[in-house]
Structure formats: C-alpha cells, structure tokens
Amino acid sequence: MREQAVAEYRETYRREEIPANYRGLVHLCFTFGSGIAVVIYSAGQLDQVQAAQWLTVPITLLYANLAEYLGHRFVMHRPVPGLGLVYKRHAGQHHRFFSHQHMELEDIRDLKAVLFPPVLMVFFILAFAFPVGITLSLLFAGNVGLLFVASAVAYFLNYEILHLAYHLPGDSWLGRRGLIRRLRALHTSHHDPSLMSRWNFNITYPISDLIFRTFRGSGASPA
Ligand SMILES: [Zn+2]
Ligand SMILES: [Zn+2]
C-alpha cells in the first residue's frame, strides 16, 4: 500500500513540481560548480595563515553540523511562520517522494526532489556565508573570514554529495563506499514516516544527533 502511495506521489510531483524545462544535470553542475568556485576563490585569498586561525575550520564544521541538525529538526519537520516553504519542500515533498522502502531516485529529473533549489543556495551564500565571513574578517582577521566561507560552503557541498548518494541506487559506485553505506542506513531510517520527526536529523555525520540524544542507529521501526 505504502509502495503504491509513493509511486502515485512521484507521478504527481513530477507532473506538478518539475517544470518541463528543468535539467537535472544543469542543477547538479550549478550547485557544485558555483560552490567549488566559492571555496577555491576564498582559499586562494588566504595569506600567511597563523596556526590559531586554522581553528576556524573545525569550529565552522561543528557549527555547520549543529545548524544542519537544528534546521532539519525544527524547520524542515515543523511548520515555522515565515519558513513554511522549507517545511513543505522537506516534510511535504521530499519525505513523500522517498520513503525508507523507496530511497532511490529513478530519473535524472528526480534530482529536483533531492538537491537544494539554486535560489536557496544563492540565498544561503549571500545572506549567511558572506555576511558572517565579512563580520569575522572585521572582528578577527581576513583569513578567519575566508576560512569560514570556504569551510561553510565546503560543508554544504559535502551535505549535497552525501544526501544525493543516499538517494542514488545502493549499488552505485558512490553508494557502495563503506562510510556512505553506513550513513545512508541512518538516513534511510530517518525516512521511515514513523521515525522521521524524532530521530537521525543529521544528514551528514551524526555528531549533533549524539549530543542531543536523537541518534537511533539504522534499525527500522517495529512492524
Ligand atoms: Zn533524504
Ligand atoms: Zn527529514
């Protein structure tokens, strides 16, 4: 029954949410092309980084892991005034398109249901990464701001690669990597409708899930 519901929703989503001129490959290239360009440009501007300044990298990555966790748990799975679109895209669309029994996309156009929309990515970089980077440059040093931007955008790209890998066929080259297989099992468990609003909110590495005790491992829900 659930299988039928996912199949029917996929048809509805493809018909109503994916424009005829949508190109999955263009979406993929935009995400990684622009993201990698920002990382390379920021890293290329670094100048004689001092030892303490390198600490910006692990701190940013931990902060990004927390932001990923909080955003997923409290914005993507709960309707927040002003951010309803994010809730609708994730809980209302992504989780209906992919259930724990149907994790794989079937067509390159299905990337629309996996990757962040380009407009949100541009918003994320312009409204979040750059202003914080500039603020850190003014407060500490230019290198700190640049390391923040490079690390934050690299983390976002890592998020997109991993989340995409979880929704590729399990026997794909990416899907067969040991670490990805284990992380994929956690996300598969999160896609179980009976578990999704309570467990495994980290999409990448379950650091915040472990801290906030929402790590459930990869077990399925009781039948
Ligand atoms: Zn997913
Ligand atoms: Zn979710």
Side-chain angles (χ1 to χ4, degrees), residues 2-3 5-7 9-10 12-14 17-18 22 24 27-28 31-32 35 64-80 83-118 120-121 124 155-172 174-177 179-221:
R2 203 176 264 171
E3 190 170 344
V6 170
Y9 181 71
R10 287 186 173 198
T12 306
Y13 181 89
R14 287 171 183 142
E17 302 290 337
I18 306 181
Y22 175 78
H27 191 173
L28 195 66
T31 299
F32 290 98
N65 190 274
L66 179 65
E68 165 195 308
Y69 176 87
L70 295 176
H72 189 187
R73 181 174 180 183
F74 294 110
V75 179
M76 293 180 171
H77 280 283
R78 293 182 191 188
V80 174
L83 294 169
L85 189 64
V86 180
Y87 172 72
K88 180 189 160 205
R89 278 197 76 255
H90 187 76
Q93 296 179 339
H94 181 71
H95 272 276
R96 289 176 75 192
F97 199 99
F98 299 104
S99 77
H100 59 305
Q101 290 158 330
H102 302 278
M103 286 291 283
E104 301 176 2
L105 46 76
E106 297 164 322
D107 187 278
I108 192 153
R109 288 168 60 77
D110 292 346
L111 284 176
K112 178 90 164 56
V114 180
L115 299 174
F116 267 75
L120 265 187
M121 182 181 168
F124 162 76
Y155 188 95
F156 172 75
L157 294 180
N158 184 239
Y159 170 108
E160 289 287 63
I161 290 173
L162 289 175
H163 193 214
L164 174 59
Y166 306 156
H167 291 295
L168 287 176
D171 59 359
S172 66
L174 207 52
R176 281 185 282 119
R177 300 308 98 196
L179 175 65
I180 289 182
R181 234 185 24 247
R182 283 196 287 277
L183 294 176
R184 184 184 209 265
L186 298 179
H187 191 60
T188 300
S189 160
H190 171 75
H191 268 274
D192 183 334
S194 66
L195 305 178
M196 69 176 185
S197 52
R198 289 180 294 150
W199 305 103
N200 294 353
F201 293 105
N202 275 123
I203 308 284
T204 59
Y205 315 98
I207 300 168
S208 299
D209 269 317
L210 287 166
I211 293 171
F212 294 105
R213 303 168 68 104
T214 51
F215 177 80
R216 192 181 186 277
S218 56
S221 63

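All ligand and atom numbering here is 1-based and tracks the order in the structure. Note that the coordinates shown come from a computational prediction; the quantities given were computed from them, not determined experimentally.
- For Phe116 and Tyr159, the ring centers are positioned less than 6.0 Å apart.
- Per residue His94, closest N, O or S atom to the Zn ion (ligand 1): atom name NE2.
- Rounded to 10°, the angle formed at the Zn ion (ligand 1) by NE2 of His163 and NE2 of His187 is 90°.
- Look at His90 and the Zn ion (ligand 2): an N/O/S atom of the residue is under 2.8 Å from the metal.
- Sorting the N, O or S atoms of His77 by how far they are from the Zn ion (ligand 2) puts NE2 first.
- Smallest separation of non-hydrogen atoms from Gly24 and Leu111: O-CD1, 3.4 Å.
- Across every non-hydrogen atom of Pro117 and His27, the tightest pair is CA-NE2, 4.0 Å.
- The NE2 atom of His95 and the NE2 atom of His72 meet at the Zn ion (ligand 2) at an angle of about 170°, given to 10°.
- For His191 and His94, the ring centers are positioned less than 6.0 Å apart.
- Within the 2.8 Å limit, His190 places no N, O or S atom next to the Zn ion (ligand 1).
- Atom CD of Gln93 and atom NZ of Lys88 lie 5.0 Å apart (nearest 0.5 Å).
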